[in-house]
Amino acid sequence: MIKPTLPQGTRDFPPQTLRKRQYVLQTIREVFERSGFQPLETPAMENLDTLLGKYGEEGDKLIFRILNNGLDNPGKHDQAMAGFHQVLEGQNSRAVTERALRYDLTIPFARFVAMNHGQLSFPFKRYQMQPVWRADKPQKGRYREFWQCDADVVGSPSLLYEAELSEIYLEAFRRLGIAVQIRINHRHILAALAEACGGGRLTDITAAIDKLDKVGLEKVMEELARKGFDDAQCSIIRQYLSIEGDNEEKLTATAALLGTHAKEGLTDLRWLLTFLRRPDGSDPLTIDLTLARGLDYYTGMIFEVKALEAVMGSIGGGGRYDDLTGLFGVPGIPGIGISFGVDRICDVIEEKGMFPPSIAAGPAVLFFHLGEAEARQAWQLLLALRQQGTACEMYPEAARFDKQFKYAERRHIPCVAFLGAEEIAEQTVRLKTLATGEQETLSRDAFLQRFARP
RNA sequence: GAGGGUGUAGCUCAGCUGGUUAGAGCAUCAGAUUGUGGUUCUGAGGGUCGUGGGUUCGAGCCCCAUCAUCCUCCCCA
């Protein structure tokens with residue numbers, strides 16, 4: 001016999017935990033649906049080719065690959081051996097693995113759109129809530145299997161969707177009771193910065209400046225110097241990172257520093273901020289010029305959501321991509337999407353103790369088991385209660401009362417019903433509310449009425 | 001991929017510089033009362049101390065390895 005364990009970074013979800021997750025999923029789903037997004041699901045696994053090269057070099061390493069079946073087939077022995085040698089040299093081999101678990105929901109969606117663009121009417125708005133897998137090393141807020149909730153729109157370059165998705169973030173986190181900061185930036189601005197530094201090396205720059213709030217300005221500049229940026233280039237980046245103030249001030253300062261190269265990005269940001277501006281003049285979004293986001297396919301506005309009042313990495317992110325389906329041979333379909341990190345969101349709500357107590361509630365009524373004959377009568381009432389849509393159950397045997405009470409308490413069942421000899425004789429039922437200890441004797445009709453939904 | 005912490009009862013943990021039969025609280029079960037529990041009292045079950053080696057007269061404690069888990073860096077949701 002072996003000790004049962006879970007694969008690293010995966011978790012079981014016992015009932016109490018799952019209720020919390022479902023509450024989060026349901027809340028987000030309602031916001032998606034209300035905004036006109038339609039549900040979509042894709043398979044847990046994709047062809048490896050579909051995923052490789054879409055998430056950057058690091059991303060490829062974190063994709064869970066599925067070993068092909070039948071590798072022990074003697075007829076294919078040589079092929080398999082050759083494949084393994086390729087794998088050992090760090091290359092991919094279809095002879096060994098040709099499928100992989102999905103890494104996110106965006107690329108599978110792009111694959112879906114590329115396959116079905118003839119049937120879809122654009123703009124196409126879909127949401128998707130499914131687990132994804134990453135071969136990361138687990139730690140706080142990081143799992144190998146976790147859920148994402150994505151909303152994407154493809155087939156329109158309109159900034160109206162930047163606005164719509166922003167409002168979805170705001171509304172969802174408002175409903176969940178999480179205080180967040182939603183940060184935005186624009187890839188064009190980052191590109192303009194790289195341009196001002198002589199072009200190219202965009203990744204080196206973004207990787208370094210992304211760490212600003214974590215390691216501080218001086219460490220960032222050290223890293224850049226180490227990577228071979230000269231004084232003139234460092235000076236520009238230093239000025240860029242030194243830009244502070246409110247959104248308006250950041251826009252102005254960036255325009256002054258980067259000039260025409262950044263114009264398009266700045267115009268987009270300004271439009272979005274103005275569009276979303278609240279009646280009191282406040283901006284619900286915050287410009288963060290250091291925000292880069294690792295995913296290669298973003299080309300326009302980028303988003304990231306941080307929980308305030310909680311130590312946690314980002315709990316959501318997204319951005320616009322001009323040509324995601326182009327990777328699959330269908331060019332010219334621009335899109336934008338956002339993602340909710342459900343597991344981290346659950347962790348934050350748990351940390352803040354913000355889950356509504358109601359989600360722990362069990363069935364409405366527990367029927368006590370008072371003996372074989374009594375239980376038979378009570379069972380009929382139980383069925384009638386269920387028929388009208390009220391959740392209820394019966395204790396399985398005529399155990400001591402304290403056991404039956406304790407069971408009700410543990411299951412968070414608020415009421416218990418007694419149907420014993422007396423009640424049967426009088427055609428009544430005795431109802432006790434556990435929280436208050438109150439008891440009352442009701443006719444069976446009145447009893448059913450008590451739990452009937454309005 | 002690099003580096004650290006922690007593994008003792010179902011859960012949370014104690015266990016001294018290595019020394020008899022490894023403990024506590026909670027939980028569970030049984031009993032004291034039985035058509036109304038949660039307070040109280042009594043008792044019981046449950047641990048090859050993560051696993052495998054080593055040092056020692058003697059290891060839960062020291063050493064090595066291994067596994068699991070948590071955390072930090074990298075990167076991310």
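Every chain is numbered from 1 and lettered A, B, ... according to where its sequence line falls, protein lines coming before strand lines.
Residue-level contact check: A:Gln148 touches the backbone only, with heavy atoms under 4.0 Å from sugar-phosphate atoms and none from bases. Note on A:Gly59: nothing from the nucleic acid sits closer than 4.0 angstrom, heavy atoms only. At the heavy-atom level, A:Lys306 lies nowhere under 4.0 Å from the strands shown. At the heavy-atom level, A:Ala408 lies nowhere under 4.0 Å from the strands shown. Within 4.0 Å (heavy atoms only), A:Gly316 reaches sugar-phosphate atoms of the nucleic acid but no base atom. Residue A:Tyr143 is in base contact, counting any heavy-atom pair closer than 4.0 Å across all strands shown.
A:Tyr407 has its OH atom 16 Å from the C1' atom of B:U28, to the nearest Å. In this structure, A:Ile302 places its CD1 atom 11 Å from P of B:C76, rounding to the nearest Å. Rounded to whole Å, atom C1' of B:C73 lies 12 Å from atom CD of A:Glu223. Atom C1' of nucleotide B:A77 and atom CD1 of A:Ile349 are separated by 14 Å, given to the nearest angstrom. Separating the NZ atom of A:Lys61 from the P atom of B:C75 is a distance of 12 Å, rounded to the nearest angstrom. Rounded to a whole Å, the CD atom of A:Gln139 is 12 Å from the C1' atom of B:G4. What separates NZ of A:Lys137 from P of B:C70 is a distance of 12 Å, to the nearest Å. Atom-to-atom, CG of A:Asp150 to P of B:C76 comes out at 16 Å; the value is rounded to the nearest Å.
For the pair A:Asp12 (side chain) and A:Pro14 (backbone), a donor-acceptor distance under 3.5 Å is absent. No side-chain donor-acceptor contact under 3.5 Å links A:Gln380 to the backbone of A:Gln377.
Side chain A:Arg344 to base B:C76: a donor-acceptor pair is found below 3.5 Å.
Taking the P atom of each, B:U55 and B:C61 are spaced 15 Å apart, rounded to whole Å. Rounded to a whole angstrom, the distance from the P atom of B:U51 to that of B:A22 is 16 Å. B:C29 and B:U20 are spaced 35 Å apart, taking the P atom of each and rounding to whole Å. On the C1' atoms, B:U21 is 15 Å away from B:G58, given to the nearest whole Å. Comparing B:A9 with B:G25, their C1' atoms are spaced 12 Å from each other, to the whole Å. Nucleotides B:G53 and B:A59, compared at atom C1', are 13 Å apart to the nearest Å. Look at the C1' atom in both B:G1 and B:G54: the space between them is 31 Å, to the nearest Å. Rounded to whole Å, the separation between the P atoms of B:G45 and B:G31 comes to 16 Å.
For A:Thr441, the side chain to side chain donor-acceptor pair (under 3.5 Å) partners are A:Arg430, not counting sequence neighbours.
When the shell of 6.0 Å around CZ of A:Arg376 is examined, it contains 12 or fewer heavy atoms from other residues, nucleotides or ligands. The local environment of CD in A:Gln449 is sparse, with at most 12 non-hydrogen atoms from other residues, nucleotides or ligands closer than 6.0 Å. Under a cut-off of 6.0 angstrom, the local environment of CZ in A:Arg21 is crowded, with over 12 non-hydrogen atoms contributed by other residues, nucleotides or ligands.
Ranking B:U69, B:G35, B:C75 by closeness to the A:Gln8 side chain, first place goes to B:U69.
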> Going 5' to 3' along nucleotides 36-42 of chain B, which nucleotides have protein heavy atoms under 4.0 Å from the base (write B), which only from the sugar-phosphate (write S), and which from neither (write -)?
Replying inline: BBB----
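Map A:Leu370 and A:Thr10 each onto its nearest nucleotide of RNA chain B; the residue landing nearer the 5' end is A:Leu370.
Classification of the A:Phe401-A:Phe368 ring pair by plane angle, with boundaries at 30° and 60°, yields perpendicular.
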> Could you walk me through whether A:Val416 and A:Tyr407 pass the side-chain contact (heavy atoms from CB on, under 4.5 Å) check?
Replying inline: CA-CA 11 Å; A:Val416 300; A:Tyr407 177 79; over 6 Å; no
> Under a cut-off of 3.5 Å for both distances of each Watson-Crick or G-U pair, what dot-bracket string does RNA chain B give, using [ ] for crossing pairs and | for inter-strand pairs?
Replying inline: (((((((..((((.....[...)))).(((((.......))))).....(((((..]....))))))))))))....
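Atom CD1 in A:Ile107 sits 8.5 Å away from atom OH in A:Tyr321 (nearest 0.5 Å). Taken from CG in A:Leu442 to CZ in A:Arg450, the straight-line distance is 5.5 Å, to the nearest 0.5 Å.
Because its NZ or CZ atom is both nearer than 6.0 Å to the ring centre of A:Trp379 and within 45° of the ring axis, A:Arg386 counts as a cation-pi partner of that residue.
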